[in-house]
Q: 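Input: one structure, supplied below.
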Amino acid sequence: MSAPTVARRGPNLPPLDAAAREAVRAALDGEVPRPDRLIEYLHRLQDAHRALYPDHLAALAEALGLARAEVYEVATFYHHFDVLAEGEAAPPALTVRVCDSLTCAMQGGLTLAAALVERLGASVRVQRVPCVGRCDSAPVAVVGQRPVTQASVETVAAAVAAGDHDEPAPDIIDFAAYRAAGGYALYEALRDGRQDGEAVLVALDSAILRGLGGAGFPSARKWRTVMAQPAPRNMAVNIDEGEPGTFKDRHYLGRDPHRFLEGMLIAAHIVGISAIWIYIRDEYPALRRMLLAELDVLRTTWPDLPPIELRRGAGAYICGEESAMIESIEGKRGMPRLRPPYVAEVGLFGRPTLVHNPETLWWVRDIASWTLNQGTAWLAGRGRNGRQGLRSFSVSGRVARPGVVVTDAGITLRQLIDEHCGGMQPGHELYGYFPGGASGGMLPARLADVPLDFDTLAPYGCFIGSAAIVVFSQHDRARALAENAMNFFAHESCGQCTPCRVGTVKAAGLMTAAQWDAPLLEALGDAMVDASICGLGQAAPNPVRSVLRYFPHEVGVTSATAQEGEA
C-alpha cells in the first residue's frame with residue numbers, strides 16, 4: 001500500500017523559477033522593497049505581464065518578507081487585478097470595460113456591453129464594470145485605458161481597431177501658468193511668515209468650508225483636531241471617487257490641478273504634516289501621470305516639501321472610506337477600521353492623519369484669500385433658501401447638458417435643471433432623482449423644490465453626500481435604478497462585516513420579485529444600518545427605502561410612510 005500524498009507546505013514548497021524572481025526585480029525597479037508598496041508592485045507586474053501569475057506572487061512575497069497568503073489575499077481583494085491559477089492562461093491583451101452603473105445603465109450601457117461581446121469576439125475581453133467617473137458622457141466604454149464617451153458599438157470597435165489605447169493627457173493649467181496668474185501666493189506667504197496660519201483657520205471657519213467628499217465635517221475643525229495630536233503627523237488625499245454619479249474630482253483635477261495642490265500644501269504647512277500620500281483611482285490614468293509630472297515640478301521648486309507619494313488604487317469603491325483607503329495605502333486589503341480610535345488620532349502608519357477630498361482642498365486657496373481680504377462679505381448673495389456659500393454638483397442622467405455645475409448652496413433640483421442644465425432631454429419629463437449618488441437615496445419629481453445642501457435632505461430619508469445628482473425620467477423605473485444600486489453595493493462590499501456582506505446580496509435577491517416584501521426589506525435595512533461597520537452597509541438600504549416610500553406603485557406595495565416629510 002502506497003503512502004498517502006502529502007500537500008507541500010512551508011519549507012517543502014517547490015523552488016521559485018529564476019524568471020519569476022527576475023520579473024519581481026523588474027517590478028521593484030531598483031527600490032528597496034517595502035511591504036506598504038505591495039499594491040504598487042502588483043500593478044507593475046500586471047502592467048508588464050497582463051496578469052498576476054502564481055510564481056510572480058510567490059517571488060514578490062519572498063522579496064517583501066511576507067507570507068504568500070498575505071500577498072494573495074491583497075491581490076484577490078481588488079477588482080483590477082487578474083490573479084491566475086496555476087496553468088491558467090492570461091486574459092486577452094486588450095480589455096474593454098463598459099460601465100453598467102446608474103447613468104450608463106439608463107443610457108444603454110448594458111445593451112452596449114452585450115453587443116460588444118458579439119462584435120469584438122474572443123480576442124478582446126469585454127467586462128461590465130462599476131462607475132468609471134464619466135457619468136456626464138454616458139454610456140462610457142474604456143478601451144484599454146482610453147475612454148470612449150457617448151459610446152456606441154461602432155465607436156468602440158473603431159477605438160479597438162485604431163490601436164491607440166492610452167488616455168490622452170488632460171489640457172491643464174500647468175505650474176508655470178498657474179503661478180503666473182498669482183497661484184501659490186498664499187502658500188508662499190505662509191512659508192515666509194507673511195501670513196499667519198491661525199488667520200487662515202479662522203477664515204475657513206468663518207466661511208464654513210466643509211468636507212466635500214460626502215461627510216461634510218468642518219474643515220478647520222478637522223485641521224485643529226489633527227494639530228492637537230503629537231507629531232509626526234501624516235496626510236492622505238482621497239481621489240478614489242467611485243460613487244456612481246460622481247465625477248467632479250476628475251473635472252477639477254483635469255483642468256486646474258495646482259489649485260488643489262496649493263490647498264494641499266497650505267493644509268500640510270498649517271497642520272505640521274510630515275508626509276503626504278495622494279490616493280487616486282485606477283480609472284484615471286492620465287490624471288495620475290499628470291500629477292506625477294506636476295509633483296516633480298513642485299519638488300524642484302521647493303526642495304524642502306514633505307515627502308509626497310502618489311498611490312494608485314485598484315478598483316475598490318470601499319477605499320473611498322477613509323480608513324479603508326489608509327489600509328490600502330499601507331499595502332493591505334481596503335477594509336474599514338473599527339473606531340475609535342479615529343484616523344485623526346491613529347491613522348496612516350499609526351500616526352495622526354489629516355484626510356481630505358481633493359475638492360475641499362481645491363477651494364482652500366480661494367475661500368481663505370477671499371475671507372482674509374473681504375471678511376465674509378463675499379458670501380453675500382451666494383446661497384439660496386437660507387443656505388450660504390457655493391456648491392459643486394455632478395449632474396448626469398436625463399438632462400440636456402450634464403456636467404459639473406458650481407452654483408449656490410441650497411439651490412433646488414428644479415432650479416439646477418432649468419438654470420444650468422438646459423432643461424430635460426427632449427421627450428423626457430422629470431420623474432425622480434438621486435440627490436447624492438447611489439447611496440444618497442431617491443426622491444420623486446414632486447420633491448424637486450427641496451434645497452440641495454447638507455442637512456436639508458434628512459427629513460426625506462436622503463442625503464447629499466458628494467452632491468452627485470442623477471436625474472431620471474418617465475422612461476426609467478425607480479425600482480430598476482434601486483436594483484442597480486444594490487447590485488453595485490453587493491459587488492463592492494469588502495466582506496468584513498456580515499450585515500453588509502450578506503445583507504446587500506440578500507436585498508438584491510429580494511428586489512427581483514415583482515412584488516417586494518416590504519416588511520422583510522425594511523427589517524433587513526434596519527440590521528444593515530445598525531450593525532454595519534462603515535457607511536457602505538449603512539447607506540445601502542437608502543434606495544430600497546426610497547422606492548418603498550416614494551415609488552411604491554412600482555413594486556406592488558402600499559406605503560404608509562409615503563407622505564412623511566413632504567410637508
Q: Closer than 3.5 angstrom, by distance alone: can the side chain of Tyr41 be matched with the main-chain N or O of Pro33 as a donor-acceptor pair?
A: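 Not confirmed, Tyr41 side chain does not pair with Pro33 backbone.
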
Q: Does Arg221 count as lying over the ring of Phe217, i.e. NZ or CZ under 6.0 Å from the six-ring centre, within 45 degrees of the axis?
A: yes

Q: Apply the test side chain to side chain contact (heavy atoms under 4.5 Å, CB included) to residues Phe489 and Ser439: give CA-CA distance (whole Å), side-chain angles for both, the deciding distance (0.1 Å), then the verdict.
A: CA-CA 9 Å; Phe489 294 132; Ser439 60; 3.8 Å; yes

Q: Quick check, are the ring centers of Trp277 and Phe349 under 6.0 angstrom apart?
A: yes

Q: Applying ring pair (Phe, Tyr, Trp, His ring centres under 6.0 Å), name anything that partners Tyr342, two or more places apart in sequence or on another chain.
A: none

Q: Quick check on salt bridge (charged side-chain N to carboxylate O under 4.0 Å, His left out): which of Arg311, Arg34, Arg337 does Glu330 satisfy it with?
A: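 The single option meeting the salt bridge (charged side-chain N to carboxylate O under 4.0 Å, His left out) with Glu330 is Arg337.
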
Q: Please tell me if the side chains of Ile318 and Met335 come closer than 4.5 Å, counting only heavy atoms from C-beta onward.
A: no

Q: Measure from the side-chain N and O atoms of Ser137 to the backbone N and O of Thr149, and report whether any donor-acceptor pair falls under 3.5 Å.
A: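 No; judged by distance alone, with no hydrogens or angles, the pair does not exist.
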
Q: Students often mix this up, so state it plainly: with edges at 30° and 60°, are the rings of Trp363 and Tyr252 parallel, tilted or perpendicular?
A: perpendicular

Q: Apply side chain to side chain contact (heavy atoms under 4.5 Å, CB included) to residues Ile308 and Leu310 and explain how you reach the verdict.
A: CA-CA 7 Å; Ile308 305 172; Leu310 189 65; over 6 Å; no

Q: Dump the intermediate steps for side chain to side chain contact (heavy atoms under 4.5 Å, CB included) on Trp223 and Ile270, then the final yes or no.
A: CA-CA 8 Å; Trp223 294 16; Ile270 292 174; 3.8 Å; yes

Q: Does the distance from a Lys or Arg side-chain N to an Asp or Glu carboxylate O, for Asp256 and Arg259, drop under 4.0 Å?
A: yes

Q: Between Tyr187 and His269, what is the ring plane arrangement, given parallel below 30°, perpendicular above 60°, and tilted in between?
A: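 The arrangement is perpendicular - the two ring planes meet at more than 60°.
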
Q: Are any side-chain N or O atoms of Ser532 and backbone N or O atoms of Val529, one a donor and one an acceptor, separated by less than 3.5 Å?
A: no

Q: Please determine whether a side-chain nitrogen of the Lys or Arg among Asp82 and Arg125 lies less than 4.0 Å from a carboxylate oxygen of the Asp or Glu.
A: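 Between Arg125 and Asp82 there is a salt bridge, with a charged N closer than 4.0 Å to a carboxylate O.
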
Q: Do the side chains of Arg312 and Glu40 get close enough for a salt bridge, i.e. N-O under 4.0 angstrom?
A: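 Result for this pair is no, no salt bridge flagged.
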
Q: Checking Thr360 against Asn357 for the side chain to side chain contact (heavy atoms under 4.5 Å, CB included) test, could you report, in this order, the C-alpha distance in whole Å, the side-chain angles of both residues, the deciding distance, and whether it holds?
A: CA-CA 6 Å; Thr360 308; Asn357 164 272; 3.9 Å; yes

Q: Return the set of residues passing side-chain contact (heavy atoms from CB on, under 4.5 Å) with Glu492 (not counting sequence neighbours), or none when no residue passes.
A: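 Testing Glu492 for side-chain contact (heavy atoms from CB on, under 4.5 Å), a comparison that skips the adjacent residues, returns His79, Pro130, Tyr317, Phe488, Leu536.
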
Q: May I ask you to decide whether Arg44 forms a salt bridge with Glu31, counting only side-chain N to carboxylate O separations under 4.0 Å?
A: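 Looking at Arg44 and Glu31, the cut-off is met.
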
Q: Salt bridge between Lys248 and Asp136, side-chain N to carboxylate O under 4.0 Å?
A: no

Q: Does the Thr456 side chain pair with the main chain of Pro451, one donor and one acceptor, at a distance under 3.5 Å?
A: yes

Q: Are any of the side-chain nitrogens in Arg37 or Glu309 under 4.0 Å away from the carboxylate oxygens of its partner?
A: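 Looking at Glu309 together with Arg37, the answer is yes, because their closest N to O distance falls below 4.0 Å.
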
Q: Could you tell me whether Asp282 and Arg288 have a side-chain N and a carboxylate O separated by less than 4.0 Å?
A: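 Here Asp282 pairs with Arg288 in a salt bridge, since their nearest N and O are under 4.0 Å apart.
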
Q: Salt bridge check, Arg387 against Asp408: does any charged N sit closer than 4.0 Å to a carboxylate O?
A: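 No, no charged N to carboxylate O under 4.0 Å.
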
